[in-house]
Amino acid sequence: MNKLVLVITDGVGFKNYVLSDFLKEAIKNFEEVIIFSALPESCYDGFLAENCTFEELEDYRESGKTWFFRKLKEVAHLQNHKKNNFGIRANLKKNYPKGNNRRSVLIKFIFAWTHFFCSEKFISKYHSLQEKSLQNNSTAKRYLAKLEKYKPDIVYFTHQRPPFIAPLVYASKKLNIPSASFIFSWDNLASKGRMAGDFDYYFVWSNLMKEELLEFYSGVKSAQVKVVGTPQFEPYVLDRYNDSKAHFNKKFSLNNNLKTICYSCGDVSTSKNDALYVRTIAEAMASKKITESVNFIVRTSPAEEPTRFEVLKEEYPFIQWNYPKWKLARNAHQEIWSQRVPEVEDVLDLRSVLAYSDIMINMCSTMSLDAMFFDKPVINPVFGNTKNGLYDDQKYLEYRHYNQVVKSGAVNVVKDANLLIEKINELLSNPNDKLNEQHKLLKVLITGELPKTGERIVNTIKTCTVG
């Protein structure tokens, strides 16, 4: 029996590691579980056991020097991998500043410098300078003291990117405590910046993600990468989140005799056309262009307040709304979105939406995968491009992580309103057309069966503490 430090950085990490079976299995398999959390302790009421200890992560703010070296490292990583990678090039373009204040000028300098000096050798140098800048940092010193106090056998990070974990990564390295990080999301390797630090082990969703990690991080050895699946889908096979269709329909005022269409929103930063897609479906229902009477439920994004849909709610009273039950744990934090925490009720609602809807519609989000676990047909509307004045969401089809979804044939991509309505009518009659493609895609993207995912990850962490 060993000691585990579990680092939870945000509400999504809470959902994935506390509301799945992971924490329950960790409590059984480790002498002590010390949770370092960016969320307040009150969020964990009812989830902690006697062998659990809680420590709150500091709302660490970088010094100017640390920020500069981190930014050098991150931009250099993108510059190094931009060739033949649309998502990374888009990320570079998006992050190039337009203003001329001091920080913008520094970032422009970083872009210019890293255009030439962006090899893995230089990235490693920038990271070393970032670590050196933490030597006298007060937060890093406090983390060193806490790790010396607990003497854990491993520090496991549930997210590899937030800058505020850097002092804890530094402290674990300084004390020669093995560290591991889970790759948080399926797009993080192929389109996002560098990780917050170097870890001893990397936990990934699939063999495909392992190949990507070794491609983008040439200094990492194959033996350091552990293929474990992902805990975010495990609640779908846990009995405690299984609700009845009758209760679901009653809760959201859905007609038991009709099929249900669900539109799942992204947040406004990446899914600006959501209101257009909801309106298009609602208008088609009202005008009978959708040939069958259906229920229509819209699930908004847990990352934002649903205020942008108020007009639609008034205009189309037949739309039912699922506002995710994610409470804001606190307002005072540098990354306020990270402080939204799901309630157990929301996991029940999400599972029911997926299980009892007949067609799932979203703009190229992970919800496409969620739907496939329930054998539901998926439509991805992308009306916007660089020429028609709409927000260009067709660009996401070229991002590496989603391009493979499109190429797999597992989803139905539609680029205008007529095609969207045509596809809805088609899938109401023939929902299982792409089942084989969906099953094949899930096996490529997520290795291992959903049952016992938490147990599998815990057992893999234990192997990393041996020797």
Side-chain angles (χ1 to χ4, degrees), residues 1-9 13-14 16-18 20-39 41 44 47-58 60 131 134 139-162 164-184 195-204 210 213 217 219-231 234 448 452-467:
M1 298 286 281
N2 301 307
K3 290 185 180 182
L4 166 70
V5 164
L6 175 65
V7 184
I8 295 178
T9 62
F14 180 91
N16 293 349
Y17 283 87
V18 178
S20 71
D21 270 356
F22 175 89
L23 183 58
K24 182 180 76 172
E25 291 296 328
I27 288 169
K28 287 194 314 189
N29 282 275
F30 285 91
E31 176 186 341
E32 185 177 5
V33 177
I34 306 104
I35 298 177
F36 277 62
S37 173
L39 305 169
E41 187 172 7
Y44 297 85
F47 294 104
L48 303 184
E50 287 185 6
N51 63 335
C52 287
T53 305
F54 181 87
E55 291 282 354
E56 190 164 317
L57 283 172
E58 297 183 21
Y60 157 76
E131 285 192 320
L134 291 169
T139 298
K141 287 180 178 178
R142 283 190 286 273
Y143 286 157
L144 278 165
K146 287 181 179 181
L147 291 179
E148 286 180 322
K149 169 187 170 184
Y150 289 115
K151 295 180 172 55
D153 294 274
I154 191 165
V155 181
Y156 181 85
F157 294 83
T158 59
H159 197 323
Q160 83 284 2
R161 294 200 66 239
F164 59 79
I165 68 172
L168 186 55
V169 180
Y170 167 80
S172 62
K173 184 176 180 181
K174 196 76 174 172
L175 295 173
N176 293 315
I177 300 170
S179 64
S181 181
F182 182 76
I183 304 303
F184 178 75
M195 298 185 199
D198 293 337
F199 304 93
D200 296 296
Y201 301 98
Y202 302 84
F203 284 52
V204 297
K210 177 176 180 176
L213 195 149
Y217 292 82
V220 174
K221 306 300 182 187
S222 178
Q224 294 176 262
V225 186
K226 308 297 181 179
V227 179
V228 293
T230 174
E234 187 181 28
K452 298 190 177 181
T453 297
E455 180 181 339
R456 182 167 62 246
I457 297 174
V458 167
N459 286 335
T460 306
I461 292 172
K462 287 169 63 181
T463 67
C464 298
T465 68
V466 178

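Values reported hereafter were calculated over all heavy atoms of this structure, with side chains retained and with hydrogens, waters and symmetry mates removed.
Under the 4.5 Å side-chain criterion, counting only non-hydrogen atoms from C-beta, Pro152 is not in contact with Phe36. Leu213 places a side-chain heavy atom less than 4.5 Å from the side chain of Val204. The shortest side-chain heavy-atom distance between Leu168 and Leu147 falls under the 4.5 Å cut-off. At a threshold of 4.5 Å between non-hydrogen side-chain atoms, the residues Cys464 and Pro178 do not count as touching. Side chains of Asn51 and Ile27 form a contact here, defined as non-hydrogen atoms less than 4.5 Å apart.
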Practice problem: Please step through side-chain contact (heavy atoms from CB on, under 4.5 Å) for the pair Thr453 and Asp21, ending with a clear verdict. | Solution: CA-CA 8 Å; Thr453 297; Asp21 270 356; over 6 Å; no
Quiz item: Where do Met195 and Ile183 land on the side-chain contact (heavy atoms from CB on, under 4.5 Å) test, with the steps shown first?
Solution: CA-CA 9 Å; Met195 298 185 199; Ile183 304 303; 3.5 Å; yes
Exercise. Take Ile457 and Tyr156 through the side-chain contact (heavy atoms from CB on, under 4.5 Å) test and state the conclusion after the steps.
Key: CA-CA 11 Å; Ile457 297 174; Tyr156 181 85; 3.8 Å; yes
Quiz item: What do the steps show when you test Ile461 against Phe30 for side-chain contact (heavy atoms from CB on, under 4.5 Å), and what is the final call?
Solution: CA-CA 10 Å; Ile461 292 172; Phe30 285 91; 3.8 Å; yes
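Considering OG1 of Thr9 and CD of Gln160, their distance stands at 9.0 Å, rounded to 0.5 Å. Distance check: Lys173 NZ to Phe199 CZ gives 11.0 Å after rounding to the nearest 0.5 Å. The distance from the NZ atom of Lys149 to the OG1 atom of Thr53 is 8.0 Å, given to the nearest 0.5 Å. The line from CZ of Phe164 to CG of Leu57 is 6.5 Å long, rounded to the nearest 0.5 Å. Within the model, atoms CZ of Phe157 and CG of Leu6 stand 10.5 Å from one another, a figure rounded to the nearest 0.5 Å. One distance of note links CD of Glu131 with NZ of Lys174; it measures 9.0 Å at 0.5 Å rounding.
Nearest heavy-atom pair, Leu134 versus Ala166, reported as atom, atom and distance to 0.1 Å: CD1-O, 3.9 Å. Ser179 approaches Asp198 most closely through the heavy-atom pair OG-O, 4.2 Å. Contact detail for Glu148 and Lys151: the closest heavy-atom pair is O-NZ, 2.9 Å. The two residues Lys462 and Asn29 make their nearest non-hydrogen contact at NZ-OD1, 3.1 Å. Across all their heavy atoms, Ala26 and Val458 have their closest contact at N-CG2, 3.7 Å. When every heavy atom of Pro162 is checked against every heavy atom of Ala196, the shortest pair comes out as O-CB, 3.6 Å.
Between Phe22 and Phe182, the ring center distance fails the sub-6.0 Å criterion.
The one candidate from Val7, Val18, Leu23 that meets the side-chain contact (heavy atoms from CB on, under 4.5 Å) condition with Ile35 is Leu23.
The local environment of NZ in Lys452 is sparse, with at most 12 non-hydrogen atoms from other residues, nucleotides or ligands closer than 6.0 Å.
Looking only at atom types and distance, the side chain of Tyr60 has no donor-acceptor partner in the side chain of Tyr143 under 3.5 Å away. Donor-acceptor pairing under 3.5 Å is recorded for the side chains of Ser222 and Lys210. Glu55 and Tyr150 share a side-chain donor-acceptor pair at under 3.5 Å. A donor atom on one side chain and an acceptor atom on the other are found under 3.5 Å apart for Ser37 and Tyr44.
Legend: residues meeting ring pair (Phe, Tyr, Trp, His ring centres under 6.0 Å) with Phe184, ordered by chain and number and at least two apart, are His159.
Although no hydrogens or angles enter the test, the distance criterion places no donor-acceptor pair under 3.5 Å between the side chain of Glu234 and the main chain of Pro231. Asp200 places no side-chain N or O within donor-acceptor distance of the main-chain N or O of Ala180, the cut-off being under 3.5 Å.
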